[in-house]
Novice: 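First, the structure itself, so that you have it in front of you.
Each chain gets a letter, A, B and so on, in the order the sequences are listed, and its residues count up from 1. Bear in mind that the values here come from a model prediction, so they are computed numbers and not experimental data.
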Amino acid sequence: MKTVLAGIDFNAPSHEVARQLIGTVLLVDGVGGRIVETEAYDREDPASHSFSGPTARNAVMFGAPARTYVYRSYGIHWCLNFVCCAPGHGAGVLIRALEPLAGIDVMRARRDAAQADLRLLCAGPGRLSQALGVTRAHNGRPLALPPFTLAPRAEEVELVSGPRIGISKAVELPWRFGLAGSRFLSRPFR
DNA sequence: CTTAGGATCGCCT
DNA sequence: GGCGATCCTAAGC
């Protein structure tokens, strides 16, 4: 059974879903913006949480696609992923940066006032989750239902890709994707 | 501009 | 006991 949302086939491989997500608009309770940076992770991928099989933390990665996988990073930050591929496959896409569009005041209030720079509001998985109010309470929720909305991209986009950030295994795999020329990336592509 | 350290949780060996 | 799919602040050049 096919799982299509925002014009994206979530049964596709994670690197494919990660590419197609660039330019779509993600809102949580009406707050969010355009996705400008993603990273793909897969069961066969040593850098992925799913690589060593199911645990309590990564359980939803081994469930149905088009759901969220939210995990705690460094004991401090929350990071938001979309589960993809066939049910039980153990693949996902990390949402790394948004171009803020809706509820910017709300996002600023959730983030530290010292970091009021619009450019840094959702630039990075931890910042993005904080701005959108995403926590463990959102883990495993279907993307097709409130509080989430995912809207198709309005036009074709130019993509860039490169190595993923902050990992120590499979370092050279070019599974980080971005919107070419965006100033809202967590870091530039080289 | 670059680098270093601390915060702090859950899973791993 | 170690090590992250991170971020912030401070200090050095």
Novice: A side-chain contact here means heavy atoms from C-beta on lying under 4.5 Å apart; do A:Y71 and A:R136 qualify?
Specialist: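 No, their side chains stay 4.5 Å or more apart.
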
Novice: Rounded to whole angstrom units, what separation is found between the CG atom of A:N139 and the P atom of B:dG10?
Specialist: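 So the CG-P distance, A:N139 to B:dG10, works out to 13 Å.
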
Novice: With heavy atoms under 4.0 Å as the rule, sort A:R57 into base, sugar-phosphate or nothing.
Specialist: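 Contact class for A:R57: sugar-phosphate only.
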
Novice: C:dC8, C:dT6, B:dC9: which one has an atom nearest the side-chain heavy atoms of A:H77?
Specialist: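 The listed nucleotide nearest to A:H77's side chain is C:dT6.
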
Novice: Nearest-Å distance, CG (A:L120) to C1' (C:dT6)?
Specialist: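 Interatomic distance, CG of A:L120 to C1' of C:dT6: 14 Å.
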
Novice: Looking at every strand, decide which applies to A:S52 at a 4.0 Å heavy-atom threshold: base, sugar-phosphate, or nothing.
Specialist: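 Nothing, no heavy atom under 4.0 Å.
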
Novice: Would one find a side-chain N or O of A:R136 under 4.0 angstrom from OP1 or OP2 of B:dC9?
Specialist: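 Checking B:dC9 against A:R136, no side-chain N or O comes under 4.0 Å of OP1 or OP2.
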
Novice: Considering only atom P, compute the distance from B:dG5 to C:dC13 and round it to an integer number of Å.
Specialist: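 B:dG5 and C:dC13 have their P atoms separated by 14 Å.
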
Novice: Return the value, rounded to whole Å, for the distance between atom CH2 of A:W175 and atom C1' of C:dA5.
Specialist: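 In whole Å, C:dA5 C1' and A:W175 CH2 are 14 Å from each other.
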
Novice: From CZ of A:R72 over to P of B:dT8, roughly how many Å is that when rounded to an integer?
Specialist: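 After rounding, the gap between these two atoms is 10 Å.
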
Novice: Give a yes-or-no answer on whether the side chains of A:T24 and A:R153 include a donor-acceptor pair shorter than 3.5 Å.
Specialist: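 Absent: no donor and acceptor within the cut-off.
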
Novice: State the pairing partner of B:dG6; accept Watson-Crick or G-U wobble contacts with both distances under 3.5 Å, and report none otherwise.
Specialist: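 Base-paired to C:dC7.
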
Novice: May I have the distance from A:I167 (atom CD1) to C:dC3 (atom P), rounded to whole angstrom?
Specialist: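 It works out to 17 Å between those atoms.
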
Novice: Starting at atom CG of A:L128, determine the distance to atom C1' of C:dA5, rounded to an integer number of angstrom.
Specialist: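 After rounding, the reported distance stands at 13 Å.
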
Novice: Tell me which nucleotide among B:dC11, C:dG4, C:dA5 gets nearest to the side chain of A:Y69.
Specialist: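 Closest nucleotide to the A:Y69 side chain: C:dA5.
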
Novice: Starting at CZ of A:F82 and ending at C1' of C:dA5, how long is that distance when rounded to a whole Å?
Specialist: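 Going from CZ in A:F82 over to C1' in C:dA5 covers 15 Å.
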
Novice: Does the side chain of A:D42 pick up a donor-acceptor pair with the side chain of A:H89 at under 3.5 Å?
Specialist: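 Yes, a side-chain donor-acceptor pair sits under 3.5 Å.
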
Novice: Side chain of A:L94 only, please: which of C:dA5, C:dC7, B:dC11 is the nearest?
Specialist: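 Looking only at heavy atoms from C-beta outward on A:L94, the closest nucleotide is C:dA5.
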
Novice: Evaluate whether atom CZ of A:R187 has more than 12 neighbouring non-hydrogen atoms of other residues, nucleotides or ligands under 6.0 angstrom away.
Specialist: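 Open: at most 12 neighbouring heavy atoms sit under 6.0 Å from CZ of A:R187.
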
Novice: Using only modelled atom types and a 3.5 angstrom limit, is any donor from either the side chain of A:Y71 or the base of C:dA5 paired with an acceptor on the other?
Specialist: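 Counting by modelled atom types and ignoring angles, a donor-acceptor contact under 3.5 Å is found here.
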
Novice: Here's a test of your reading of the structure: between A:G53 and A:I76, which maps to the more 5' nucleotide of DNA chain B?
Specialist: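 Its nearest nucleotide being more 5', the pick is A:I76.
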
Novice: Between A:F51 (CZ) and B:dC12 (P), how many Å, whole number?
Specialist: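 Going from CZ in A:F51 over to P in B:dC12 covers 13 Å.
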
Novice: Quick one: is A:S48 getting a side-chain N or O under 4.0 Å of the C:dA5 phosphate, OP1 or OP2?
Specialist: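 Checking C:dA5 against A:S48, no side-chain N or O comes under 4.0 Å of OP1 or OP2.
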
Novice: Does the side chain of A:R111 pick up a donor-acceptor pair with the side chain of A:Q130 at under 3.5 Å?
Specialist: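 On atom types as modelled, these side chains qualify, holding a pair under 3.5 Å.
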
Novice: Which sits closer to the 5' end of DNA chain C, A:S50 or A:Q130, going by the nucleotide each is nearest to?
Specialist: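 Looking at DNA chain C, the more 5' nearest nucleotide goes with A:S50.
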
